[in-house]
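Notes to accompany the following structure.
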There are 2 protein chains.
Amino acid sequence: MKTGDWGGGFVKEQRHELILGELARRGAVSVAALAQRLGVSEATIRRDLDELARLGKVHRTHGGALSADPREELPLNLKATSYAAEKRRIGLAAAALIQPGQVVGCSGGTTVAHVATALRGKRVVVVTNALNIALELATSEEAEVIVTGGTLRGRSLELVGHVAERTFRELYVDVAVIGVDGISLEQGLTTYHLSEAQTNRVLMEQARQVWVVADHSKVEKVTPAYIGPLSRVSRFITDTDAPAPFLDELRRRGIDVVCA
Amino acid sequence: MKTGDWGGGFVKEQRHELILGELARRGAVSVAALAQRLGVSEATIRRDLDELARLGKVHRTHGGALSADPREELPLNLKATSYAAEKRRIGLAAAALIQPGQVVGCSGGTTVAHVATALRGKRVVVVTNALNIALELATSEEAEVIVTGGTLRGRSLELVGHVAERTFRELYVDVAVIGVDGISLEQGLTTYHLSEAQTNRVLMEQARQVWVVADHSKVEKVTPAYIGPLSRVSRFITDTDAPAPFLDELRRRGIDVVCA
DNA sequence: ACGCATACGCTCGATTTTGTTCGTTTTTGG
DNA sequence: CCAAAAACGAACAAAATCGAGCGTATGCGT
């Protein structure tokens with residue numbers, strides 16, 4: 001088999017990652033759909049599912065599987081997130097722009113988690129209100145991690161509320177890396193949940209520079225909760241599929257745009 | 001080696017660098033693709049991958065390799081902990097004694113993590129300084145989780161320091177569930193790390209009741225850092241292999257002993 | 001120059017993985 | 001409740017991959 005071109009040739013473990021990712025996002029998968037999506041026979045998918053079931057990671061059903069371990073639904077498995085490749089590049093690009101010794105504030109979200117992964121090995125201080133970001137850096141010898149504390153917001157693993165905001169206010173950060181669910185010329189930065197938006201806003205206020213990271217699917221999208229205006233953003237890091245006109249307009253407004 | 005080539009002549013270290021780079025970028029590599037890309041035989045790639053695997057830098061698979069996930073070293077997989085069965089029973093027993101609506105403070109440690117797992121589905125408020133405990137409850141619809149914040153202490157996933165202690169002091173908990181590395185009649189409660197001991201002590205001070213959970217291997221053991229005296233403990237929950245004389249002495253001192 | 005160590009490619013039998021076929025079980029839809 | 005359709009599991013065959021052994025080349029020190 002010729003592997004290595006694009007995403008056609010997967011080894012078993014990659015399929016498992018993808019299956020778990022699909023499961024984390026949708027909660028259920030079907031044998032037929034996975035077989036087609038991954039370009040392998042249904043027998044192979046059944047064997048994969050059986051193996052994952054033996055490991056207790058999925059709950060097998062007729063025609064597919066359900067997620068078994070509730071923790072699998074958490075955004076901890078970075079390889080399994082949507083646009084994982086793009087986000088990885090974004091993370092690497094963002095981390096490369098961080099100077100040693102700087103204090104970096106990180107909001108939640110899987111894109112920011114990729115930034116955190118790329119920050120491992122760099123001598124930095126990371127302040128975050130997201131447990132998945134803290135977890136990414138927990139095994140780093142170099143990075144120091146400060147968690148804000150706060151009330152845990154279920155699936156997103158973000159800490160919000162009075163405790164989180166107060167801790168953020170006690171600290172000044174060189175760079176705030178903000179993950180958003182929508183970035184729009186008209187509506188600015190938005191996310192899905194009000195409490196997270198509020199916490200992010202506090203982080204932005206404490207930062208010398210505000211960097212926004214988001215894959216192209218977030219561009220020109222507006223979600224319910226308003227975080228802040230584009231005027232506070234000093235840099236936007238996205239992938240190469242982001243529409244050029246949008247990026248040009250950002251540049252015209254003085255924002256440094258990076259395409260990874 | 002034929003050095004006269006183009007860029008195809010790599011020495012081992014260069015290949016290793018390139019493999020790790022590719023792995024960091026894509027998350028997975030295949031033997032065949034690497035062999036073609038680097039212009040060497042597949043046998044050489046296998047040797048490279050085996051060597052990198054011995055160094056713990058990659059995770060070997062059939063047909064290629066995945067980037068070694070450093071998160072696997074974290075105490076997140078409860079089933080893989082030592083004395084998992086005993087700890088699970090301890091967790092269930094402890095959780096059964098918690099009343100709905102109570103506020104529970106949880107320290108770190110895998111035994112306490114099992115308590116947290118058993119608390120999922122109960123309507124309680126959990127205050128904790130340990131990320132693994134917060135994660136166990138993140139998907140719970142019933143339990144509310146408050147994380148103290150603080151400086152992340154590497155592998156143990158505990159938050160310590162000024163922020164953690166201040167948040168604890170702001171709250172009163174009905175029950176503090178403390179995990180210890182040693183419990184001794186003479187030396188009281190001990191753990192391995194001073195900072196964690198200090199944080200646990202603050203939690204104990206804020207609790208109406210202090211429960212200690214530990215499997216039998218911790219009994220009559222003393223570890224470097226002192227947490228507090230047995231006199232503050234109101235209940236000790238352990239497994240059935242704990243030595244009876246020790247438990248009798250605890251009972252004599254007015255501690256409620258539960259063997260799960 | 002010689003010997004030695006290291007790195008590499010090649011071959012070949014063993015192992016793992018995958019696809020296919022076929023009889024059986026489960027689900028679905030009257 | 002019954003029959004068609006879908007899904008399953010087991011068995012087998014083909015392909016890919018692996019590991020080990022062996023020979024060769026290159027570099028290095030004596």
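Within every chain, numbering begins at 1; the chains are lettered A, B, ... in the order of the sequence lines, protein sequences first and strands thereafter. Because only heavy atoms are used, hydrogens play no part in the values below, and waters and symmetry mates are left out as well, while side chains stay in.
B:Lys122 places a side-chain N or O within 3.5 Å of a backbone atom of B:Ile98 that can act as its donor or acceptor partner.
If you measure from atom CD of A:Gln36 to atom P of D:dA6, you get 15 Å, rounded to the nearest angstrom. For the pair A:Glu42 CD and D:dA5 P, the computed distance is 17 Å after rounding to whole Å. Taking atom CG of B:Leu38 as the reference point, atom C1' of C:dC8 lies 14 Å away to the nearest angstrom. Rounding to whole angstrom units, CZ of residue A:Arg46 and P of D:dG9 are separated by 7 Å.
For A:His16, there are no ring-ring contact (aromatic ring centres under 6.0 Å, His included) partners two or more places apart in sequence or in a different chain. With sequence neighbours left out, A:Arg26 forms a side-chain hydrogen bond (donor to acceptor under 3.5 Å, both in side chains) with A:Glu22.
Applying the salt bridge (charged side-chain N to carboxylate O under 4.0 Å, His left out) test to residues at least two apart or on different chains, none of the pairs has a partner in residues 88-100 of chain B.
A donor-acceptor contact under 3.5 angstrom links the side chains of A:Lys87 and A:Thr110, judged on distance only. In this structure, a donor-acceptor pair under 3.5 Å is absent between the side chains of A:Glu72 and A:Ser67. For the residue pair A:Glu196 and A:Ser156, a side-chain donor N or O sits within less than 3.5 Å of a side-chain acceptor on the partner.
You'll find that the side chain of B:Lys12 is closest to C:dA7, out of C:dA7, C:dT18, D:dG9. Residue B:Val40 has its side chain nearest to C:dG9 when only C:dG9, D:dG19, D:dA7 are considered.
Note on A:Ser41: every side-chain N or O is 4.0 Å or more away from OP1 and OP2 of C:dT18. Within the 4.0 Å cut-off from OP1 or OP2 of C:dC8, not a single side-chain nitrogen or oxygen of B:Thr44 is found.
The residue among B:Arg60 and A:Arg60 whose nearest nucleotide of DNA chain D is located toward the 5' end is A:Arg60. Toward the 5' end of DNA chain C, the nearer of the two residues B:His62 and B:Ile45, judged by each one's closest nucleotide, is B:Ile45. For B:Glu13 and A:Ala43, each mapped to the nucleotide of DNA chain C holding its nearest heavy atom, the one lying further toward the 5' end belongs to B:Glu13.
Closest approach of A:Val124 and A:Gln99 over heavy atoms only: CG1-O, 4.0 Å.
For the segment residues 18-31 of chain A, the set of residues with a heavy atom within less than 4.0 Å of an atom of DNA chain D comprises A:Val31, in numerical order. Heavy-atom distances under 4.0 Å link DNA chain C to A:Arg47 of residues 47-55 of chain A, given in residue order.
Between B:Asp50 and B:Arg60 there is a salt bridge, since at least one side-chain N of the basic residue sits less than 4.0 Å from a carboxylate O of the acidic one. A salt bridge does not link A:Glu51 with A:Arg47: every distance from a Lys NZ or Arg NE/NH1/NH2 to an Asp or Glu carboxylate oxygen is 4.0 Å or more. No salt bridge links A:Glu144 with A:Arg123; every basic N to acidic carboxylate O contact stays at or beyond 4.0 Å.
Direction of the helix axis in the helix from C:dA1-D:dT30 to C:dG30-D:dC1 shifts by 40° between the two five-pair termini, rounded to 10°.
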